[in-house]
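Index from 1, following the sequence.
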Amino acid sequence: MRYPLAVRSSSLLEDASYQPFAGIYRTYMIPNNHESLETRLAELLRAIKLVYASTFFTHAKSYLEHTPIASKRRRWPW
């Protein structure tokens, strides 16, 4: 498979009807067309890490703090 890939987050929060998170976390497009399978894998892994890192970005954290679940989240032990 050598067509472009969109690497994005997917969670229950993103589709929540009370406060959707769609579009809050980053999406990364990768060309996925390098001859080397190892290079394509490295690009994919990098994109996955960057999507995960985007959950810690200021705008994502701010959005979360202004959602109805923020008060419940403050009670979580982690």
Side-chain angles (χ1 to χ4, degrees):
M1 151 170 83
R2 289 194 182 185
Y3 46 84
L5 299 175
V7 181
R8 60 175 298 276
S9 65
S10 180
S11 76
L12 295 176
L13 286 177
E14 289 190 279
D15 296 328
S17 60
Y18 57 88
Q19 189 73 37
F21 272 63
I24 298 301
Y25 304 132
R26 296 292 307 268
T27 297
Y28 290 90
M29 296 294 296
I30 55 175
N32 197 37
N33 61 356
H34 197 279
E35 289 297 317
S36 165
L37 179 61
E38 290 80 18
T39 299
R40 293 197 317 266
L41 178 60
E43 290 172 348
L44 176 61
L45 293 174
R46 181 175 181 273
I48 291 169
K49 290 174 185 179
L50 289 169
V51 169
Y52 181 76
S54 75
T55 67
F56 298 98
F57 289 176
T58 303
H59 73 277
K61 291 169 108 178
S62 175
Y63 185 80
L64 179 62
E65 289 303 315
H66 291 91
T67 64
I69 65 167
S71 61
K72 292 179 187 175
R73 184 174 173 260
R74 288 187 190 103
R75 293 181 293 195
W76 295 346
W78 55 89

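Evaluation of the side-chain contact (heavy atoms from CB on, under 4.5 Å) rule for Thr27 yields Ala6, Arg8 as partners, not counting sequence neighbours.
The backbone N or O of Val51 lies less than 3.5 Å from a partner atom in the side chain of Ser54, making a donor-acceptor pair.
Atom CG of Leu44 sits about 12.5 Å away from atom OG1 of Thr39, to the nearest 0.5 Å.
Using a 4.5 Å heavy-atom threshold, the side chains of Tyr3 and Leu5 count as touching. The shortest side-chain heavy-atom distance between Ile30 and Val7 falls under the 4.5 Å cut-off.
Sequence neighbours left out, the pairs with a member in residues 26-54 that pass ring pair (Phe, Tyr, Trp, His ring centres under 6.0 Å) are Tyr52-Phe56. For residues 28-38, the set of pairs meeting the salt bridge (Lys or Arg N to Asp or Glu O under 4.0 Å) definition, not counting sequence neighbours, comprises Arg2-Glu35.
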